[in-house]
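The figures here come from the full heavy-atom set of this structure, side chains too, leaving out hydrogens, waters and symmetry mates.
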Amino acid sequence: MQFEMASFASRPQDTRGRLYPEGESAFRSCFQRDRDRIIHSSAFRRLKHKTQVFLEHEGDYYRTRLTHSIEVAQVARTICGALGLNSELTEAVALAHDLGHTPFGHTGEDALDALMQPFGGFDHNAQAIRIVTSLERHYAEWDGLNLTWECLEGIAKHNGPVLEPVPYALAGYNAVHDLELHTHASAEAQVAALADDIAYNHHDIHDGLRAGLFEVEDLLDLPIVGACFGEVDARYPSLEPARRQHEALRRFFGVLVEDVIATSRAIASEIAAESASDVRQAGRPLVQFSPELWADLKLVRAFLFERMYRAPTVVIMRARASLIVEGLFEGYLATPEVLPEEWHEALNDALGDRTATARIVSDYLSGMTDRFATQEYQRLIGALPE
């Protein structure tokens, strides 16, 4: 159900356009074209084999970055429909928001960021911008996907306004195409960010249960989640465990979505925004959880951090992943000529400059899937770390 379009929604006819002007499509809006270009990109396909929490080969049922991004887009479309926003723009931002992630999830990012500190650091949001504006090289007239300003803004400001120091991968592009990093993003981009929170809090509970890191009984005292199980038990007292879990977690999902919709409607009324620009200049996010739900959700997140992200099996996996990233980075930086031939032109342009070379290595390494990074480590270095 699509409600009437809000006055502060992003409209295709009001787009600030693309860095490289193009003719418009006769049957797709500019934001639909952004979404389609993201879906057809090489970086999007690689998300299939990139970790969410568990390594992608540990089981067919665990989320990967690809399935996570699809879930985020679904949640974002639902919220946008209820708020009268542009679901095409929010879907594009949601599908692109994790394109810059390294292999091995946040563990890989942390390792690469530490290695890149002498050369400007590494940030996956900034890297997503670098991918869609430079590293995807398929079109005859430009590098990147030539996305609209609104889509690029949403990716860049995925976590809110970008404060100094701006990551180099984002600063370079922003110098030629100002994304107004100091302001909040459009309401559609804010929806994508909250949809990300909703999706991973929901599916990390599901994946943690499947992995045996905790049991349903461990969840019953948690706020929100425990009440959802209580509601299911009251209505279906003899429900088999798998259905009980599913029914409770879909209610948990619904509570989060409904809270965002109700809270954001109230804030929109307070702000009285009449345009997308008003949302950017409001000085606070329009799309938020209520303070009460956010306080409860922080307790759920704390539980997941302790019982899932710090679980011994996950810690061991993370340590091994860090060693793989470190070994590959140091090996490529020492002998960059082993990079594939299509990277040699960039290496030649770097003229042996260590920072420029490190950033090329970072681009190559961060684009790897878990599987390929593991294979490369074995090929170039040897047996995987224990």
Distance-only donor-acceptor hits, side chain of residues 284-293, under 3.5 Å, sequence neighbours excluded:
from, atom 1, to, atom 2, distance (Å)
Arg284, NH2, Glu270, OE1, 2.7
Gln288, NE2, Pro285, O, 2.8
Ser290, OG, Asp259, OD1, 2.7
Ser290, OG, Asp259, OD2, 3.4
Ser290, OG, Leu293, N, 3.1

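Of the possible donor and acceptor atoms, one in the side chain of Asn174 sits under 3.5 Å from a partner among the backbone N and O of Leu179. Side chain of Gln32 to main chain of Ser29: a donor-acceptor pair is present (N/O by atom type, distance under 3.5 Å, no hydrogens or angles). Between the Asp98 side chain and the Arg65 main chain, no donor and acceptor come within less than 3.5 Å of each other. No donor-acceptor pair under 3.5 Å is formed between the side chain of Asp218 and the backbone N or O of Phe214. Arg77 places no side-chain N or O within donor-acceptor distance of the main-chain N or O of Glu91, the cut-off being under 3.5 Å. Looking only at distances, no side-chain donor or acceptor of Arg137 sits under 3.5 Å from a matching main-chain atom of Trp142. A donor-acceptor distance shorter than 3.5 angstrom exists from the side chain of Thr102 to the backbone of Glu109, with no hydrogens or angles considered. Formation of a donor-acceptor pair under 3.5 Å by the Thr78 side chain with backbone atoms of Gln74 is found in this model. With hydrogens and angles disregarded, no donor-acceptor distance shorter than 3.5 Å links the side chain of Thr107 to the backbone of Arg318. Side chain of Ser264 to backbone of Ile261: no donor-acceptor contact under 3.5 angstrom is found.
Side-chain atoms of Ser42 and Arg45 form a donor-acceptor pair, as typed in the model, at a separation below 3.5 Å. A donor atom on one side chain and an acceptor atom on the other are not found under 3.5 Å apart for Asp123 and Tyr168. For the residue pair Asp196 and His68, a side-chain donor N or O sits within less than 3.5 Å of a side-chain acceptor on the partner. Residues Glu136 and His138 have side chains that bring a donor and an acceptor to within less than 3.5 angstrom of each other.
At a threshold of 4.5 Å between non-hydrogen side-chain atoms, the residues Leu380 and Thr335 do not count as touching. At a threshold of 4.5 Å between non-hydrogen side-chain atoms, the residues Tyr200 and Val72 do not count as touching. Residues Val216 and Arg244 meet the side-chain proximity criterion, which asks for heavy atoms closer than 4.5 Å.
Each of Leu222, Asp207, Asp204 was compared with Leu304 under the side chain to side chain contact (heavy atoms under 4.5 Å, CB included) criterion, and only Asp204 meets it. Just one residue in the list Leu99, Leu95, Ile131, Leu147 forms a side chain to side chain contact (heavy atoms under 4.5 Å, CB included) with Ile155, and that residue is Leu147.
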ask   = So Leu145 and Thr133, side-chain contact (heavy atoms from CB on, under 4.5 Å) or not? Walk me through it.
value = CA-CA 6 Å; Leu145 305 180; Thr133 61; over 6 Å; no
request  = Start with the C-alpha distance between His49 and Thr64, add both sets of side-chain angles, then the distance that settles side-chain contact (heavy atoms from CB on, under 4.5 Å), and finish with yes or no.
outcome  = CA-CA 7 Å; His49 296 297; Thr64 65; over 6 Å; no
query = What do the steps show when you test Thr313 against Ile316 for side-chain contact (heavy atoms from CB on, under 4.5 Å), and what is the final call?
reply = CA-CA 5 Å; Thr313 54; Ile316 292 170; 5.7 Å; no
ask   = Could you walk me through whether Leu47 and Ser69 pass the side-chain contact (heavy atoms from CB on, under 4.5 Å) check?
value = CA-CA 9 Å; Leu47 295 179; Ser69 296; 3.9 Å; yes
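Partners of Phe305 according to the ring-ring contact (aromatic ring centres under 6.0 Å, His included) rule, which considers only residues two or more places apart in sequence or in another chain, do not exist here. By the salt bridge (charged side-chain N to carboxylate O under 4.0 Å, His left out) test, Arg251 is found to be paired with Glu231, Glu247, residues two or more places apart in sequence or in another chain being considered. Listed by chain and residue number, Tyr332, Trp343 satisfy the ring-ring contact (aromatic ring centres under 6.0 Å, His included) test with Tyr364 (two or more places apart in sequence, or in another chain). In this view, Arg28 and Asp36 satisfy the salt bridge (charged side-chain N to carboxylate O under 4.0 Å, His left out) rule, not counting sequence neighbours. For the side-chain hydrogen bond (donor to acceptor under 3.5 Å, both in side chains) test, no residue two or more places apart in sequence or in another chain qualifies with Gln13. Not counting sequence neighbours, the partners of His158 by the ring-ring contact (aromatic ring centres under 6.0 Å, His included) test are His97. Qualifying ring-ring contact (aromatic ring centres under 6.0 Å, His included) partners for His202, counting only residues two or more places apart in sequence or in other chains: Phe253.
Under the 4.5 Å side-chain heavy-atom criterion for grouping Ile, Leu, Val, Met, Phe, Trp and Tyr, Ile224 is connected to Met308 within one hydrophobic cluster. Under a hydrophobic clustering in which Ile, Leu, Val, Met, Phe, Trp and Tyr are joined whenever their side-chain heavy atoms come within less than 4.5 Å, directly or via other members, Phe329 and Leu347 fall into the same cluster. The cluster map of Ile, Leu, Val, Met, Phe, Trp and Tyr, joined by side-chain heavy atoms under 4.5 Å apart, puts Met317 and Leu323 in different clusters. A continuous path of ILVMFWY side-chain contacts below 4.5 Å connects Leu112 to Val338, so both sit in one hydrophobic cluster. Following chains of ILVMFWY side-chain contacts shorter than 4.5 Å, one cannot reach Leu365 starting from Ile129, and the two form parts of different hydrophobic clusters.
Grouped with Val232 in one hydrophobic cluster are Tyr236, Leu239, the linkage being side-chain heavy-atom contacts under 4.5 Å among Ile, Leu, Val, Met, Phe, Trp and Tyr residues. Applying the under-4.5 Å side-chain rule to Ile, Leu, Val, Met, Phe, Trp and Tyr, the cluster around Val315 consists of that residue alone.
Pairing each heavy atom of Ala276 with each of Ala9, the nearest pair is CB-O, 4.2 Å. When all heavy atoms of Phe31 and Ser10 are compared, the pair lying nearest together is CE1-O, 4.1 Å.
Under the 4.0 Å criterion applied to side-chain N and carboxylate O atoms, Lys50 and Asp370 are not assigned as salt-bridge partners.
The CG atom of Asp178 lies 8.5 Å from the CZ atom of Arg16; values are rounded to the nearest 0.5 Å. Atom CZ in Arg301 sits 11.0 Å away from atom CG in Leu299 (nearest 0.5 Å). Rounding to the nearest 0.5 Å gives a distance of 10.0 Å between CG of Leu328 and CZ of Arg379.
Applying the side-chain hydrogen bond (donor to acceptor under 3.5 Å, both in side chains) test to every pair with at least one member in residues 17-26, sequence neighbours left out, gives these pairs: Arg18-Asp34, Glu22-Arg33, Glu22-Arg37, Glu22-Asn146. Among residue pairs with one or both ends in residues 144-163, those qualifying as salt bridge (Lys or Arg N to Asp or Glu O under 4.0 Å) are Glu153-Lys157, Glu153-Arg280; sequence neighbours excluded.
By the 6.0 Å contact criterion, CD on Gln117 is enclosed, its count of non-hydrogen atoms from other residues, nucleotides or ligands being greater than 12. More than 12 heavy atoms of other residues, nucleotides or ligands lie within 6.0 Å of CG in Asn348, so this atom counts as buried by the packing criterion. For Glu141, the CD atom counts as loosely surrounded, since its 6.0 Å shell holds 12 or fewer non-hydrogen atoms of other residues, nucleotides or ligands.
For an aromatic pair to be called close, the ring centres must be under 6.0 Å apart, and His177 with Tyr173 satisfies this.
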